[in-house]
Student: 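Supplied in structure tokens, the structure appears directly below.
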2 protein chains.
Amino acid sequence: MSVQERKERERAGRERLIVATARELAEQQGWDAVTTRRLAERIEYSQPVLYSHFRGKREIIGAVALEGAAEMAAALRAAASAADGPRARVTALARAYLHFAARNPAVYDALFRLDGGLAFAQEDTPGPLKDAFAALLESLEEVAGDGVHPGLFTEVFWASLHGLATLTRAGRLPPEEAELRTELLVDRLAEF
Amino acid sequence: MSVQERKERERAGRERLIVATARELAEQQGWDAVTTRRLAERIEYSQPVLYSHFRGKREIIGAVALEGAAEMAAALRAAASAADGPRARVTALARAYLHFAARNPAVYDALFRLDGGLAFAQEDTPGPLKDAFAALLESLEEVAGDGVHPGLFTEVFWASLHGLATLTRAGRLPPEEAELRTELLVDRLAEF
DNA sequence: GCTCCAAGCCTAGCACTGCTAGACATTCGA
DNA sequence: TCGAATGTCTAGCAGTGCTAGGCTTGGAGC
């Protein structure tokens, strides 16, 4: 029994190593640089080992996404709880979201831009994803406004932040006025 | 002279064929299916011919993007001019934007998600791109609100629409309430 | 009308990608 | 100690974007 347990532990450890390495590599050189060969080389195993843990590259991206979702949820909650009053809270939330996207571009891409084979907005959506959305919802429901469904409001708010995050990083929006845009968005969308 | 002119005409025609075929293929089966081999086969030339017109696949994407930008600008202006009053105009604009994104996913990706090697928000930004932004600005400046820079407001509005468009299409947002989200966004962002 | 040359095009190939079949060790249970 | 099962690796497939170099063809000059 103990032998089997040790093996399972080692397997789990290697799986974490794969995910962490993929993330690190993606964060350093972009997801395009995360090839199965390079990833295998970095973890010091051969390529087929990757496929004994994941069905393919897509699932590895999905694993990075789940890890990132948990971190993002924590970051959002930390930012929100450190602010006093609805306005400050929502502003802090928006800043934290955009900050996370800018600081962890590879993770953000795994979550919202790439195909990690994850289900969204469905019954079988993985917990961490639901929880990240819940983290947004918690701070936003109080500013959704009368007669507006909090979930729907959160979706719109989230989509707007997502648009700012992606367009800014893709060079479609000049980064200088990012703060001004954030303030304008919060001021208009939320009802305090 | 006439021979040379004919050759240039034929060359230009073939270039249009390449762009149109790439777009068609991308719209039918997604950009991943647009490989240089498949594209070459469809235009009934060999691969190297593509490289005598474009530096690479990226430039082909860029060409599709420029074509799409002009169409999008036209669609936005048509929708806006058919509406009476600021509120109806902005709503029509938002709907037209999201409709274009949904109906021309490949073109939309070429424009805003993929790397087509185009400069954005800069001096050397290609005309069609500037014009598409201008089409948004024309209808939005009247609802930007007091003391808010129209350009900045347009950027925020655009980013929000972009977020809705991409998250909806990526399955991150349920498509059912798309219309409700659009209305909420317009109601909150614009000041009538 | 004939020759020659240059432009235009294609075949073949490079280095890379994600992924997998099958051979080879290694380690465990009887 | 032996057989089997687990684990890992080598080698290879079909596909990708892109390019070097040879070949055909069509126009220009005599």
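Order of the sequence lines fixes the chain letters, A, B, ..., with proteins taken first and strands second; residue numbering starts at 1 for each chain. Below, each value reflects all heavy atoms present in this structure, side chains not excepted, and no hydrogens, waters or symmetry copies. Bear in mind the structure is a predicted one, so any value in this text is a computation, not a measurement.
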Student: Please identify each residue that fulfils side-chain hydrogen bond (donor to acceptor under 3.5 Å, both in side chains) with A:R23, with sequence neighbours left out.
Tutor: A:E67, A:E71
Student: The criterion is ring pair (Phe, Tyr, Trp, His ring centres under 6.0 Å); which residues satisfy it with A:Y108, sequence neighbours excluded?
Tutor: A:Y97, A:F112, A:H162
Student: List, with names and distances, any nitrogen or oxygen atoms from the protein found under 3.5 Å away from nitrogen or oxygen atoms belonging to nucleotides 5-7 of chain D.
Tutor:
none

Student: Just how far, in rounded Å, is P of C:dT17 from CD1 of A:I60?
Tutor: 14 Å
Student: Under the side-chain hydrogen bond (donor to acceptor under 3.5 Å, both in side chains) test, which residues partner B:R58, sequence neighbours left out?
Tutor: B:D115
Student: Among all residues two or more places apart in sequence or in another chain, which pass the side-chain hydrogen bond (donor to acceptor under 3.5 Å, both in side chains) test with A:Q29?
Tutor: none
Student: Hey, could you give me each pair passing salt bridge (charged side-chain N to carboxylate O under 4.0 Å, His left out) that has a residue in residues 35-54 of chain B? Not counting sequence neighbours.
Tutor: B:E24-B:R42
Student: Is there any side chain to side chain donor-acceptor pair (under 3.5 Å) pair reaching into residues 127-137 of chain B, and which pairs are they, with sequence neighbours excluded?
Tutor: B:R77-B:D131
Student: For A:A102, which residues count as a side chain to side chain contact (heavy atoms under 4.5 Å, CB included) partner, sequence neighbours excluded?
Tutor: none
Student: Taking salt bridge (charged side-chain N to carboxylate O under 4.0 Å, His left out) as the test, write out the residues that go with A:R11, two or more places apart.
Tutor: none
Student: CD of B:E10 versus C1' of D:dG27: gap in Å, rounded?
Tutor: 14 Å
Student: Heavy atom of residues 15-40 of chain B under 4.0 Å from DNA chain C: which residues?
Tutor: B:R37
Student: Tell me the interatomic distance from A:E41, atom CD, to D:dT10, atom P, rounded to whole angstroms.
Tutor: 12 Å
Student: To the nearest 0.5 Å, what is the distance between CD (A:Q28) and OG1 (A:T21)?
Tutor: 10.0 Å
Student: Does anything in residues 46-55 of chain A reach DNA chain D, meaning a heavy atom under 4.0 Å, and if so which residues?
Tutor: A:S46, A:P48, A:V49
Student: According to salt bridge (charged side-chain N to carboxylate O under 4.0 Å, His left out), who are the partners of A:R113, at least two apart in sequence or on a separate chain?
Tutor: A:D109
Student: Whole angstroms only, please: what is the CG-P distance between A:L114 and C:dG18?
Tutor: 13 Å
